[in-house]
Amino acid sequence: MKSERKAHIVSLLFLAVFCILAAGSMDTPAPTGTDASPAQFPAQNVSAERLFLDYQRNEVSADSMYKGRTLAVTGTVSSINKDFTDSVYLMLETSNEFMGIHANLRGSEVSKASTLSKGSIVTVVCEGNGMIVGSPMLKDCVIQPYQQQERGVESQQVQGSNLSADRSETPQESTPELAENPKPSAAQASPASPTPENIMRAINAEDSSPQNQSKPYPVDSDLESNVRRALSTSKALRSATITLVSLHREVTLSGTVVDEPSRELAEDIASHVPGVVAVHNNLTVGGGAKPQ
Amino acid sequence: MGHPLLMEKQDSKNFGWATRPPVYTCYRISHAVRPLAKPNCNPKSGPSLFCHVCFPIILGAGIYSLWRSTRLLVFTWYGWLGLQTPLLALRANLAGVRHFLPDFVLYSLPDALWVYSFTFLMQSVWFRHSRSYGRTFWIFLPVSLAVGAEVGQLLKVVPGTFDLMDIAGYVAAWAAATMFIRTCCRRDELEIRA
């Protein structure tokens with residue numbers, strides 16, 4: 001009886017060990033998700049102009065970058081309106097005077113919206129919601145009041161450095177670089193006062209500078225071709241249809257692969273390309289493979 | 001000749017068990033959990049435990065670590081242990097091997113190895129104990145947990161994908177562990193009872 005009790009205790013300990021081992025095979029929560037509210041994950045900074053241009057260039061790739069993701073969009077307010085359901089939305093200016101960014105505000109943001117005026121520069125943290133009739137849509141938006149002040153500070157750097165405000169670099173990272181290697185830009189020629197017009201001009205100048213216009217995603221274009229080249233070397237992925245885009249060195253893969261191992265292989269290959277900081281794997285399995 | 005259960009009776013006579021009344025019901029289960037008291041057979045020996053308990057676990061963990069998603073919790077543990085960088089390098093080098101591995105090896109074998117290892121360990125712990133409910137419980141626990149989890153996946157209460165192949169793997173692993181522990185001691189058993 002005593003030895004049996006001992007065996008029970010030993011068995012229980014082994015059970016605990018094996019349960020821990022089994023737990024290791026469980027998935028951790030995904031880093032991003034479509035069900036995430038804007039407050040749950042760090043927002044991806046982007047200017048209204050960049051968002052608009054990305055959608056104009058390629059709606060599919062822009063969707064893979066922005067749709068369902070938390071975005072901090074900075075732009076100039078062109079109008080503050082109510083739709084037919086009395087929901088408040090902001091229109092943010094773009095280079096196309098007839099098309100803007102449509103940012104639907106949360107109900108709690110109505111009071112903040114009432115303090116805005118046409119021409120104000122705001123940052124709204126929203127969830128990307130695709131494009132409707134040529135206008136990029138944002139939903140569940142929250143106005144970031146403090147971001148406006150930060151933008152004012154940042155604007156001086158933008159004007160002096162040709163760094164766009166939608167880059168994810170922090171001022172601490174960018175300032176020394178600027179002191180050592182200032183780049184001439186169209187924005188430098190503008191007056192240094194941080195007026196809304198000057199801020200947006202600096203941002204848009206960066207987005208539409210000749211070097212950037214020649215490449216869809218200037219910062220990451222080389223990275224994209226490196227990843228594309230790496231993927232093309234894999235025989236297993238030859239039958240796959242993969243499109244990729246890179247933004248702030250985060251590569252988003254989309255398209256179709258034959259099975260789950262190919263999907264994971266593509267992610268692995270992309271993640272090992274030098275310079276890639278994160279891979280968002282939106283590939284879908286076309287052959288009925290087992291997801292997990 | 002005829003009914004297989006009568007064969008059991010015949011075997012019993014051959015091994016000198018004629019005085020013991022044959023048990024015809026639940027023959028297979030009682031066969032699996034029958035206590036084996038043999039002085040020359042020790043499944044708890046170091047080599048035996050390594051081959052049948054540690055090695056399957058290492059093999060299963062290897063498959064998970066090298067060819068399964070990096071979103072698994074085990075990669076967080078590797079990060080704590082500082083093993084993530086060498087492991088990712090190893091994954092990159094062995095990524096091509098994945099395409100030569102069948103789905104069963106990638107998705108079912110690691111869990112089947114877990115069942116095998118756990119079952120063998122339980123058989124070892126309860127090796128010299130007489131038949132009891134406790135012994136039966138622990139020996140059947142690994143396969144019950146694994147099959148239960150799979151049924152949970154079918155009912156969408158456990159994350160994952162239900163697959164009959166997984167269940168087949170668990171049952172085969174449990175049977176293999178039970179068979180191995182008996183085979184390793186079989187000769188001694190025959191010698192003792194002859």
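Chain A is the first sequence line, chain B the second, and so forth, proteins listed ahead of strands; every chain is numbered from 1.
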Problem - Verdict with reasoning, B:Trp77 to A:Ile20, per side chain to side chain contact (heavy atoms under 4.5 Å, CB included) - result: CA-CA 11 Å; B:Trp77 301 347; A:Ile20 291 170; 4.0 Å; yes

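- For B:Leu141, the part lying near chain A is the side chain, with the backbone staying farther off; criterion is any non-hydrogen pair under 4.5 Å.
- Heavy-atom minimum distance, A:Ser11 versus B:Val125: OG-CG1, 3.7 Å.
- For a residue to count as touching a neighbouring chain, one of its non-hydrogen atoms must lie under 4.5 Å from one of that chain's; by this rule B:Ser65 does not touch chain A.
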Exercise for the section: Tell me, with the steps shown, if B:Phe118 and A:Leu21 meet side chain to side chain contact (heavy atoms under 4.5 Å, CB included). Expected result: CA-CA 11 Å; B:Phe118 196 5; A:Leu21 288 173; over 6 Å; no

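- When every heavy atom of A:Glu264 is checked against every heavy atom of B:Arg68, the shortest pair comes out as OE1-C, 3.6 Å.
- B:Trp138 places no side-chain N or O within donor-acceptor distance of the main-chain N or O of A:His8, the cut-off being under 3.5 Å.
- Ranked by heavy-atom pairs shorter than 4.5 Å toward chain A, the options B:Trp114, B:Trp67, B:Phe75 are led by B:Trp114.
- Contacts of A:Ile269 with chain B are absent, with no heavy-atom separation under 4.5 Å from either backbone or side chain.
- Nearest heavy atoms, B:Leu106 versus A:Pro261: CD1-CG, 3.9 Å.
- Both the backbone and the side chain of A:Ser262 come within less than 4.5 Å of a heavy atom in chain B.
- Rounded to the nearest 0.5 angstrom, A:Phe18 CZ and B:Leu145 CG are separated by 11.5 Å.
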Exercise for the section: I would like to know whether A:Asp259 and B:Asp103 meet side chain to side chain contact (heavy atoms under 4.5 Å, CB included); could you show each step before the answer? Expected result: CA-CA 10 Å; A:Asp259 54 12; B:Asp103 275 1; 5.7 Å; no

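- Enclosure of atom CZ in B:Phe55 is not indicated, since only 12 or fewer non-hydrogen atoms of other residues, nucleotides or ligands lie within 6.0 angstrom.
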